[in-house]
Number of protein chains: 2
Amino acid sequence: MTNTATMNRKSAERAARQELILQGALTVFKDKGLEGAKIDEIARVSGFGKATLYYYFTSKEEIFSALLLHGWRSLWRELEEIAVGSDSPRATFISLLKKIAELVNTDRPLYEFLFQAPQSYTREENERSEWKAYQNRLYKVLMELIEEGIQQGEFPKLEPRLIMKAMGGLFHGLVFLGKDRDTITENEIEEMLSNLLG
Amino acid sequence: MTNTATMNRKSAERAARQELILQGALTVFKDKGLEGAKIDEIARVSGFGKATLYYYFTSKEEIFSALLLHGWRSLWRELEEIAVGSDSPRATFISLLKKIAELVNTDRPLYEFLFQAPQSYTREENERSEWKAYQNRLYKVLMELIEEGIQQGEFPKLEPRLIMKAMGGLFHGLVFLGKDRDTITENEIEEMLSNLLG
DNA sequence: CTAATATTCGACCCACAGTTCGAATAATCG
DNA sequence: CGATTATTCGAACTGTGGGTCGAATATTAG
């Protein structure tokens with residue numbers, strides 16, 4: 001195994017198989033949760049033998065984390081350019097949420113998992129798992145936008161944390177609540193947010 | 001055992017012990033969830049032997065359901081009088097949410113459990129468990145208030161379901177999001193809701 | 001082609017947690 | 001007081017499911 005081209009292909013194939021496993025894992029985790037999902041089922045759904053999963057991942061938790069990390073990475077990739085833009089705080093804030101809503105409509109299972117799974121999982125030490133960094137970064141960005149927005153009079157003069165809770169809850173409700181059959185439009189998001197922000 | 005008075009006392013004691021068990025179960029379920037909570041721990045916390053729990057309940061799930069039913073019953077008892085009152089739809093709607101927020105501040109563990117647990121549990125057939133009826137009743141009442149409110153021009157002219165999602169999410173965010181250390185005041189609730197409702 | 005290495009997988013292992021057993025103790029009745 | 005019934009509980013049972021093993025197959029190297 002000194003051939004470089006071969007090694008590249010192999011590692012690409014390896015990554016591709018990991019993708020397949022994660023894809024299957026998502027459909028199982030999605031409506032079963034971390035505990036409810038059985039390794040055997042993930043194996044069956046993703047079309048590999050059970051032991052093969054352990055050839056690519058060291059544990060069930062690692063599969064779970066890898067999925068989360070994968071999702072947050074791609075989410076952040078989409079949001080980053082908006083976050084560093086030079087619009088006003090309020091405009092940026094709204095753009096971010098609209099972008100997230102748009103993405104959710106693109107791949108609902110993934111994002112439902114991304115935003116719902118953590119709470120049933122965030123036990124003790126896992127706080128410092130890698131995906132959590134992305135979540136914190138997003139939280140921090142939104143929080144700073146709110147603070148700047150308040151200073152510039154674009155947001156109501158309330159505790160930033162309170163506004164954050166309100167906006168977060170409102171957004172979550174609009175996008176994820178209900179039988180999720182009806183996707184939310186960006187206009188509806190914007191209208192609601194504008195109402196709340198006065 | 002033909003003595004009636006004795007039988008009454010016994011059944012009262014039996015109910016009291018069930019209460020104790022549920023009380024212990026709540027503290028365990030609260031931050032461990034249905035799967036994460038171990039029967040042994042519930043037994044230890046509530047001060048009974050493990051087997052004794054099965055003398056009072058037939059299964060772990062029954063304990064879980066009983067807790068939910070118990071909570072929803074007492075919640076509904078508090079809300080009912082407001083719901084049947086003769087205030088305007090909007091006033092009634094806001095009163096209901098404020099009342100819930102007030103109750104949450106009274107017994108946070110219980111209500112956090114009530115509003116958070118179902119989602120990690122609502123699997124298949126359990127849809128028709130008894131507590132679910134109360135949840136549906138509350139949902140229906142709120143929905144009708146929104147519809148009436150729209151007709152009377154007290155709410156923005158949007159799809160009722162959309163308003164429901166928005167208000168539900170907003171409320172949930174305000175009351176339950178965050179490290180829950182800071183309790184929300186009724187005034188803050190009212191202000192936010194009024195903003196959103198225009 | 002042959003040896004070495006990479007990959008796959010079902011069968012097995014075993015720890016854990018829900019449930020049951022059987023005996024021991026407490027309460028009630030006649 | 002016995003006798004009967006209600007209650008309690010730790011020990012033992014059992015099914016489930018995460019994780020491992022070893023053999024079989026495929027792939028690459030030389």
Side-chain angles (χ1 to χ4, degrees), chain A residues 1-25 27-29 31-67 120-121 123-124 126, chain B residues 1-25 27-29 31-67 120-121 123-124 126:
Chain A
M1 168 100 37
T2 39
N3 186 327
T4 317
T6 303
M7 280 175 68
N8 283 342
R9 177 171 57 76
K10 283 235 156 185
S11 96
E13 280 174 355
R14 185 180 173 86
R17 283 182 213 114
Q18 284 187 333
E19 281 289 332
L20 282 177
I21 293 172
L22 289 182
Q23 198 175 315
T27 76
V28 180
F29 279 134
D31 43 30
K32 304 287 181 70
L34 175 56
E35 315 266 354
K38 317 300 174 197
I39 288 279
D40 288 88
E41 192 177 356
I42 297 177
R44 190 172 49 70
V45 169
S46 53
F48 290 90
K50 183 211 271 235
T52 305
L53 263 59
Y54 284 88
Y55 185 73
Y56 288 98
F57 297 94
T58 68
S59 71
K60 182 182 173 181
E61 273 213 12
E62 197 192 75
I63 297 177
F64 193 85
S65 297
L67 201 49
S120 78
Y121 169 68
R123 295 273 163 268
E124 309 99 42
N126 300 321
Chain B
M1 170 96 38
T2 38
N3 188 327
T4 316
T6 302
M7 281 173 67
N8 282 343
R9 177 172 55 78
K10 284 236 156 185
S11 93
E13 281 175 354
R14 183 178 173 87
R17 283 183 213 113
Q18 283 188 334
E19 281 290 330
L20 282 178
I21 293 172
L22 289 183
Q23 198 175 315
T27 75
V28 181
F29 279 134
D31 43 28
K32 303 288 182 71
L34 175 55
E35 315 266 353
K38 317 299 176 199
I39 289 280
D40 288 271
E41 193 176 355
I42 297 177
R44 190 172 49 70
V45 170
S46 53
F48 290 90
K50 184 210 273 235
T52 305
L53 264 57
Y54 285 88
Y55 185 73
Y56 288 98
F57 297 94
T58 69
S59 71
K60 182 182 175 183
E61 272 214 13
E62 198 191 73
I63 297 178
F64 193 84
S65 297
L67 201 49
S120 79
Y121 169 67
R123 297 271 163 271
E124 307 98 45
N126 300 322

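First the proteins, then the strands, lettered A, B, ... as listed; each starts at 1. In this text, all values refer to a predicted model and were calculated from it rather than measured experimentally.
- For B:E62, there are no salt bridge (charged side-chain N to carboxylate O under 4.0 Å, His left out) partners two or more places apart in sequence or in a different chain.
- Note: CD (A:E62) to P (D:dG18) measures 15 Å, nearest angstrom.
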Let me have the donor-acceptor pairs involving side chains of residues 49-56 of chain A, under 3.5 Å, with sequence neighbours excluded, atom names and distances please.
| residue | atom | partner | partner atom | Å |
| --- | --- | --- | --- | --- |
| A:K50 | NZ | A:D40 | OD1 | 3.4 |
| A:Y56 | OH | A:R17 | NH1 | 2.8 |

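- Between A:Y54 and C:dC9, a side-chain N or O to OP1/OP2 separation shorter than 4.0 Å is absent.
- Contacts of B:F57 with the nucleic acid, taken as non-hydrogen atoms under 4.0 Å apart, are absent.
- Within the 4.0 Å cut-off from OP1 or OP2 of C:dC9, at least one side-chain nitrogen or oxygen of A:T52 is found.
- Using a 4.5 Å heavy-atom threshold, the side chains of A:I39 and A:F57 count as separate.
- Where B:E13 and A:G36 meet DNA chain D, the nucleotide closest to each residue was compared, and B:E13 sits on the side nearer the 5' end.
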Writing each nucleotide of DNA chain D 5' to 3' as (, ), [, ], | or . by Watson-Crick or G-U pairing under 3.5 Å yields ||||||||||||||||||||||||||||||
Each nucleotide N or O in nucleotides 11-17 of chain C that has a protein N or O under 3.5 Å away: list the pair and distance.
| residue | atom | partner | partner atom | Å |
| --- | --- | --- | --- | --- |
| C:dA17 | OP1 | B:K38 | NZ | 3.3 |

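- Qualifying side-chain hydrogen bond (donor to acceptor under 3.5 Å, both in side chains) partners for A:Q23, counting only residues two or more places apart in sequence or in other chains: none.
- In this structure A:R44 satisfies the salt bridge (charged side-chain N to carboxylate O under 4.0 Å, His left out) test together with A:E41, sequence neighbours excluded.
- The side chain of A:Y55 places no N or O atom within less than 4.0 Å of a non-bridging phosphate oxygen (OP1 or OP2) of D:dT20.
- For the pair B:F64 CZ and C:dG18 C1', the computed distance is 16 Å after rounding to whole Å.
- Between A:A66 and A:L22, the shortest heavy-atom distance links the atoms CB-CD2, 4.0 Å.
- As rounded to whole Å, 12 Å separates atom P of C:dA6 from atom OH of A:Y56.
- Look at CD1 on A:I42: it is 13 Å from C1' on D:dG19, rounded to the nearest Å.
- When the P atom of C:dT8 is taken as reference, atom CD of A:Q18 falls 11 Å away, rounded to whole Å.
- Taking all atoms of both residues into account, the shortest heavy-atom contact from B:I21 to B:S46 is CA-CB, 3.9 Å.
- Side chain of A:K38 to main chain of A:V28: no donor-acceptor pair is present (N/O by atom type, distance under 3.5 Å, no hydrogens or angles).
- One can place CD of A:E35 at 17 Å from P of D:dT16, the figure rounded to the nearest angstrom.
- Atom CG in B:L53 sits roughly 11 Å away from atom P in C:dT19 (whole-Å rounding).
- The side chain of A:R17 contributes an N or O atom lying less than 4.0 Å from OP1 or OP2 of C:dT8.
- Rounded to an integer number of Å, the gap from B:L20 CG to D:dT8 C1' is 15 Å.
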